Amino acid sequence: MSKYQEIYNRLRSRITSKRIKANTYLPSENDLMKEFDASRDTIRKALNLLASNGYIHKAKGKGSLVLDTSTINFPVSGLTSFRELEDIGIIKNASTFVHEFNRIPADDEMKQLLNMKDGELYKVVRVRTIDGEKIILDTDYLISDVVKGLEFKHAQYSLYDYIENELGLTISFARKEITVIPATEEEKELLDMKDFNLLVCVKSLVYLEDATLFEYTISKHRPDKFQFVDFARRDKTQKM
């Protein structure tokens, strides 16, 4: 085993055993050089390996931030509301803050996305907090002629609960797109970004059982707290 791999393994062990706590910084490169009697190049190779495997985030001018490895498995393929994720125990110690709740005219972009000619939308912006940290920013655009009578209290609790249990509509499927994007200054103010500059962005077009498109959602997640999971089955009938 090379020297840098040995250092990597020892630092990784300290992180996974929580001897080095999440959201703290590793000792400086100079201190690590002294501790392990190693060159700067060797230390940097070990740190780069820790970073590439998701144990640390190297923040320019600040050092190596230890990441929380107890990430939340966030289902990609399902259509599960934040409240439902709480109910089944995937998310714990969570809360929702409604940052914006408005009824607005649909602009040209929203008309095109939601296949509308004219009409109004409910715009709902919510900040999701888990374990006291603001780490998800959800923006929902819902067609008001479909989701009738939506109120602030429904946004505070659960949009899908209102749509299905009070309006009697059946939410069926969604088309999703996942990208990684730079965080804006406003997003940095709304979320606890720490030293992160990027967000995982999940955009969804959501349909009812009769194929009515009723919602466009933009959900932005701080990258260290989630891993997006799916179940894939090989289909031999699909040939490359």
Side-chain angles (χ1 to χ4, degrees), residues 74-88 90-91 96-128 135-184 186-187 190-191 198-223 226 228-233 235 237-238:
F74 207 91
V76 174
S77 58
L79 262 177
T80 310
S81 71
F82 190 81
R83 177 67 60 177
E84 289 166 338
L85 291 174
E86 288 184 79
D87 291 342
I88 62 180
I90 290 179
I91 292 175
T96 294
F97 167 71
V98 181
H99 177 68
E100 181 181 344
F101 181 89
N102 284 309
R103 186 164 171 164
I104 61 172
D107 61 19
D108 290 340
E109 181 184 5
M110 287 297 117
K111 287 178 185 177
Q112 184 174 0
L113 278 169
L114 291 166
N115 295 328
M116 300 172 62
K117 291 184 178 179
D118 287 299
E120 293 187 327
L121 303 169
Y122 290 105
K123 180 182 178 182
V124 182
V125 180
R126 293 174 292 181
V127 176
R128 312 292 199 172
I135 57 177
I136 304 175
L137 180 63
D138 284 340
T139 303
D140 298 275
Y141 297 91
L142 304 106
I143 298 176
S144 62
D145 285 344
V146 179
V147 185
K148 297 179 179 179
L150 190 67
E151 298 179 15
F152 182 92
K153 64 181 180 180
H154 304 132
Q156 183 68 47
Y157 182 71
S158 170
L159 296 177
Y160 282 12
D161 179 80
Y162 172 71
I163 291 167
E164 294 192 313
N165 296 325
E166 294 195 40
L167 294 183
L169 302 173
T170 301
I171 300 168
S172 182
F173 63 96
R175 177 182 176 274
K176 295 190 178 185
E177 171 190 293
I178 302 176
T179 56
V180 177
I181 61 172
T184 66
E186 181 183 8
E187 288 161 353
L190 289 173
L191 299 176
L198 299 174
L199 291 166
V200 178
C201 178
V202 183
K203 296 180 180 180
S204 304
L205 290 168
V206 190
Y207 299 76
L208 298 177
E209 190 175 36
D210 64 359
T212 297
L213 175 58
F214 74 95
E215 179 187 31
Y216 176 59
T217 297
I218 307 169
S219 187
K220 298 179 180 179
H221 303 71
R222 203 177 79 192
F226 299 91
F228 292 85
V229 297
D230 197 3
F231 176 80
R233 186 184 299 278
D235 183 355
T237 64
Q238 300 294 322

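Bear in mind the structure is a predicted one, so any value in this text is a computation, not a measurement.
The main-chain N or O of G149 is found under 3.5 Å from a side-chain atom of Y162 such that the two form a donor-acceptor pair. Checked by atom type and distance alone, the side chain of R128 never pairs as donor or acceptor with a backbone atom of D138 at under 3.5 Å. At distances below 3.5 Å, at least one donor-acceptor pair connects side-chain atoms of Q156 with backbone N or O atoms of T96.
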Checklist line | From CA spacing to verdict: side chain to side chain contact (heavy atoms under 4.5 Å, CB included), L199, E187 | finding: CA-CA 9 Å; L199 291 166; E187 288 161 353; 3.5 Å; yes

As a quick check of understanding, evaluate side chain to side chain contact (heavy atoms under 4.5 Å, CB included) for T139 and E100, giving each step before the final call.
CA-CA 9 Å; T139 303; E100 181 181 344; over 6 Å; no

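Annotation: the span from T179 atom OG1 to K203 atom NZ amounts to 6.0 Å, rounded to 0.5 Å. Rounding to the nearest 0.5 Å gives a distance of 13.0 Å between NZ of K123 and CZ of F101. Note that CG of L121 and CG of N102 are 11.5 Å apart. Values are rounded to the nearest 0.5 Å. In this structure, the separation between CG on L205 and CZ on F214 is 10.5 Å, given to the nearest 0.5 Å. Of the inter-residue distances, the one linking M116 atom CE with S144 atom OG reads 6.5 Å to the nearest 0.5 angstrom. To the nearest 0.5 Å, the span separating CG on L167 from CG on D161 amounts to 10.5 Å.
Within the 4.5 Å cutoff, no side-chain heavy atoms of T212 are placed close to those of I143. No side-chain heavy atom of L159 sits under 4.5 Å from any side-chain heavy atom of V147. A 4.5 Å side-chain heavy-atom check between H154 and V124 finds every atom pair outside the cut-off. With a 4.5 Å cut-off on side-chain heavy atoms, R126 and D140 count as touching. Looking only at side-chain heavy atoms (C-beta outward), D118 and K111 come within less than 4.5 Å of each other.
Closest of all the heavy-atom pairs between Y122 and L150 is OH-N, 3.5 Å. Minimum interatomic distance between V206 and L213 (heavy atoms only, all atoms of both residues): O-CD1, 3.3 Å. Closest approach of L190 to V127, counting heavy atoms only: O-CG1, 4.0 Å. Residues I136 and S219 approach most closely at CG2-OG, 3.8 Å, considering heavy atoms.
Counting only N and O atoms by type, the side chains of E186 and T184 include no donor and acceptor under 3.5 Å apart.
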